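To find a chain, count down the sequence lines: A is the first, B the second, and so on, and within it residues start at 1. These numbers come from a predicted model, not from an experiment.
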2 protein chains.
Amino acid sequence: MAITLHDVARLAGVSIKTVSNVINDYPHIRPATRKKVEAAIDELGYQPNLSARSLRSGRSGVISLLIPDLRNAYFAELADAVMRAARAKGLSVIIEQMPGGKKEELEILRGPRMQLVDGILYSVLALGEEDAHHLDNAMPMVLLGDRIFNGPKDHVTMQNTEGARAATDHLLSLGRRRVAALGAHPGEVVGSAGLRLDGYQQALAERGVEYDASLVIPVISWHRKDGAEAMRAFLTKGVPFDGLVAFNDSMALGAMRVMQEAGLRIPDDVAVIGFDDIDETRYSIPSLSTIDPSKDQIAETAVDLLLERIEHPDSHAPARDLATEFHIVQRESSAI
Amino acid sequence: MAITLHDVARLAGVSIKTVSNVINDYPHIRPATRKKVEAAIDELGYQPNLSARSLRSGRSGVISLLIPDLRNAYFAELADAVMRAARAKGLSVIIEQMPGGKKEELEILRGPRMQLVDGILYSVLALGEEDAHHLDNAMPMVLLGDRIFNGPKDHVTMQNTEGARAATDHLLSLGRRRVAALGAHPGEVVGSAGLRLDGYQQALAERGVEYDASLVIPVISWHRKDGAEAMRAFLTKGVPFDGLVAFNDSMALGAMRVMQEAGLRIPDDVAVIGFDDIDETRYSIPSLSTIDPSKDQIAETAVDLLLERIEHPDSHAPARDLATEFHIVQRESSAI
DNA sequence: CTGAAAGCGCTAACAT
DNA sequence: ATGTTAGCGCTTTCAG
């Protein structure tokens with residue numbers, strides 16, 4: 001049987017309340033008492049029972065991170081950043097993957113496993129504005145990534161539209177005029193794909209380049225494989241192009257591979273830029289230009305907001321919407 | 001306030017024990033009673049309080065996965081496999097990263113955060129045989145990866161030595177005779193690095209190729225960056241070589257990048273094979289031959305063993321040692 | 001500044 | 001087949 005507060009209290013010759021006070025850094029304790037209690041804790045190797053604490057206080061010190069897919073390097077790196085930010089605040093992280101679309105997301109969000117956690121970091125993939133009411137509950141939650149407009153929860157995101165505008169403009173500034181966009185979700189408005197397509201179009205308009213729908217390549221799932229396949233299909237159409245904005249790095253890398261197999265030189269024939277600044281982009285051939293979304297900043301901001309909601313559960317402060325900075329990273333794939 | 005067993009019991013007109021029985025699939029319940037209770041549960045939207053259950057039963061339904069680093073694609077893919085295997089068994093997974101070496105591993109292993117979980121999946125990085133006694137406790141645990149000989153815990157691993165032997169032999173069978181090994185940990189015997197170097201040497205011996213220590217390239221941390229830097233340093237030495245066995249894919253990809261920058265053609269000048277079969281190997285240029293360690297099989301086996309230990313905490317069955325299958329995957333980097 | 005006692009929601013003996 | 005009851009270990013009023 002494990003050591004309890006009672007054991008410590010008995011050894012230290014105080015009541016369990018005093019021990020509890022010491023553990024929870026309650027301010028008004030005589031130094032001598034604190035010493036005694038700490039000595040007893042050390043001697044017994046006491047560790048608080050987190051289930052009991054959680055039952056009584058309603059706080060477990062665990063948060064959930066809901067992401068589509070860890071195999072996607074962007075989410076692995078984001079998860080890493082979130083876990084480091086969470087640990088710095090004394091929180092543990094349960095990761096849940098939900099590659100199964102809207103139904104699965106809702107299921108997990110409502111499932112019994114969310115009982116255990118104090119709050120949720122939710123990287124929205126499938127839910128849209130019409131589902132915002134599903135989130136209108138008391139659970140502390142911060143949304144990451146896509147934007148649910150006017151949702152009831154705090155939201156941290158990169159500047160999708162601005163980022164895509166900057167990426168596209170970067171290629172245009174190199175003199176490219178037939179810039180393809182890889183990763184569109186036809187009809188989507190509020191998700192990353194929709195916002196990035198919007199930025200792409202803005203950049204074209206600003207440079208006076210006419211929008212050509214045949215340069216927009218839809219890809220539903222943003223994996224390397226899907227980028228490769230979409231590019232393969234696009235090449236068979238013979239649409240001329242000299243630039244490529246991929247809406248994430250994984251797709252860009254898959255597409256680069258296919259283009260080079262087809263004899264296209266990068267950046268000479270096609271200049272390429274991606275999105276996310278995953279580690280791999282530094283070592284691909286050629287190395288990949290990209291938009292760095294400041295994952296660490298996203299993670300830290302999100303954990304801070306969540307912690308605030310956890311600590312002030314009945315503050316009815318309105319949902320906040322924060323956007324992090326981004327940076328263009330120019331590498332070989334868009335070298336001059 | 002949340003809905004409790006009492007609320008359900010009151011609505012259904014039964015005692016809380018009956019409700020509890022229904023929830024826990026206790027066999028002897030009259031169908032009519034079960035119906036009533038289930039109706040009440042649905043009507044109220046009752047969800048069990050996992051903290052209370054955990055406090056009372058000593059089981060939380062959460063396991064911990066301890067890995068060095070999620071940014072390493074191998075571990076991200078392993079974590080994905082583990083989470084899918086765990087979810088299939090109704091378990092949640094808390095991931096803890098421990099990039100900080102032996103001290104941090106021991107700290108986390110003993111820390112208060114391990115209180116909450118029913119068991120631990122521990123991908124040993126820094127701990128060696130001399131630390132086995134630190135694991136000699138009652139916590140259900142399955143070790144992944146490196147081998148701690150004669151340790152007190154179950155252990156699931158790939159066949160490190162056999163895999164490296166097969167990888168090396170694969171290059172030798174292509175006629176290469178100056179095969180370098182990337183990723184050695186000088187002096188190590190029981191870790192992946194030591195075992196794989198052993199396999200490398202066995203393969204050379206079997207083919208009658210003399211072992212040349214100048215072809216063994218030490219790399220402490222197995223990231224892409226480290227592989228690239230080690231290869232850059234190796235090239236400046238001018239040691240002739242025509243094959244490369246990298247002890248993981250990340251290092252192989254970093255090294256390939258450096259070799260190609262230096263004008264070496266792959267596989268013509270240097271044939272390359274890695275380890276892990278991470279997703280990226282299919283899309284690198286050239287695509288990378290590798291050893292597939294069957295991550296899904298590792299994950300499922302490990303979760304099964306752990307669950308068994310959790311469900312039979314006082315079975316003092318001796319620690320088991322399971323090795324999964326591996327497969328050579330030949331791609332362009334070692335094409336004939 | 002410290003102690004006593006109640007009770008969080010659940011499971012598991014035990015009783016019926 | 002179902003009800004009663006006693007805690008799991010902790011935090012938290014409330015007293016002193």
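To the nearest angstrom, C1' of dC10(D) lies 12 Å from CD of Q115(B). Distance, R53(B) CZ to dC10(D) C1': 20 Å, rounded to whole Å. Between the CD1 atom of I23(B) and the P atom of dT2(D) there is a distance of 15 Å, given to the nearest Å. Rounded to an integer number of Å, the gap from R59(B) CZ to dC10(C) C1' is 15 Å.
For the pair R30(B) and H6(A), both in contact range of DNA chain D, the more 5′-proximal nearest nucleotide belongs to R30(B). DNA chain D is contacted by both T18(B) and L55(B); T18(B) maps to the nucleotide lying nearer its 5′ end (nearest heavy atom per residue).
We find that R71(B) and D279(A) are not joined by a salt bridge, their nearest charged nitrogen and carboxylate oxygen being 4.0 Å or further apart.
Minimum atom distance to the side chain of V14(A) is reached by dG3(C), of the listed dC10(D), dG3(C), dT2(D). With dA4(C), dT11(C), dC10(D) as the candidates, the nucleotide lying closest to the side chain of T4(A) is dC10(D). Here the nucleotide nearest the side chain of L5(A), chosen from dA4(C), dG9(D), dT11(D), is dT11(D).
Between the S294(B) side chain and the E325(B) main chain, a donor and an acceptor come within less than 3.5 Å of each other. Within the 3.5 Å criterion, the main-chain N or O of I63(B) finds no donor-acceptor partner in the side chain of D118(B). One N or O on the side chain of Q47(A) and one on the backbone of R110(B) form a donor-acceptor pair closer than 3.5 Å. Looking only at distances, no side-chain donor or acceptor of H6(B) sits under 3.5 Å from a matching main-chain atom of S15(B).
Between dC10(D) and S57(A), no contact under 4.0 Å exists linking OP1 or OP2 to a side-chain N or O. Put simply, S20(B) has a side-chain N or O that comes within less than 4.0 Å of OP1 or OP2 on dT11(C). The shortest distance between the side-chain N/O atoms of N21(B) and the OP1/OP2 oxygens of dA1(D) is not below 4.0 Å.
The side-chain contact (heavy atoms from CB on, under 4.5 Å) test with I16(A) singles out one residue from L5(A), D7(A), T4(A), and that residue is L5(A). Between M98(B) and the choices L66(B), L106(B), L109(B), the side-chain contact (heavy atoms from CB on, under 4.5 Å) rule is met once, by L66(B).
Within the 4.0 angstrom heavy-atom criterion, no nucleotide atom of any strand lies near S54(B).
Heavy-atom distances under 4.0 Å link DNA chain C to Y46(B), P48(B), N49(B), A52(B) of residues 37-52 of chain B, given in residue order.
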How does DNA chain D read in dot-bracket, base by base from 5' to 3', with Watson-Crick or G-U pairs under 3.5 Å and | used when the partner is on another strand? ||||||||||||||||

What protein N or O atoms touch nucleotides 5-7 of chain C N or O atoms at under 3.5 angstrom, if any, and at what distances?
| residue | atom | partner | partner atom | Å |
| --- | --- | --- | --- | --- |
| dG7(C) | N2 | R56(A) | NH1 | 3.0 |
| dG7(C) | N3 | R56(A) | NH1 | 3.3 |

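Side chains of L135(B) and D131(B) form no contact here, defined as non-hydrogen atoms less than 4.5 Å apart. Residues F75(A) and Q97(A) are not in side-chain contact: their nearest non-hydrogen atoms beyond the backbone lie 4.5 Å or more apart.
Under the rule for a side-chain contact (heavy atoms from CB on, under 4.5 Å), the partners of A81(A) that lie at least two apart in sequence or sit in another chain are R84(A), D296(A), A299(A). When the salt bridge (charged side-chain N to carboxylate O under 4.0 Å, His left out) test is applied to E308(B), the partners found at least two apart in sequence or on another chain are R320(B).
Applying the side-chain hydrogen bond (donor to acceptor under 3.5 Å, both in side chains) test to residues at least two apart or on different chains, the pairs with a partner in residues 48-58 of chain A are S51(A)-S54(B), S54(A)-S51(B).
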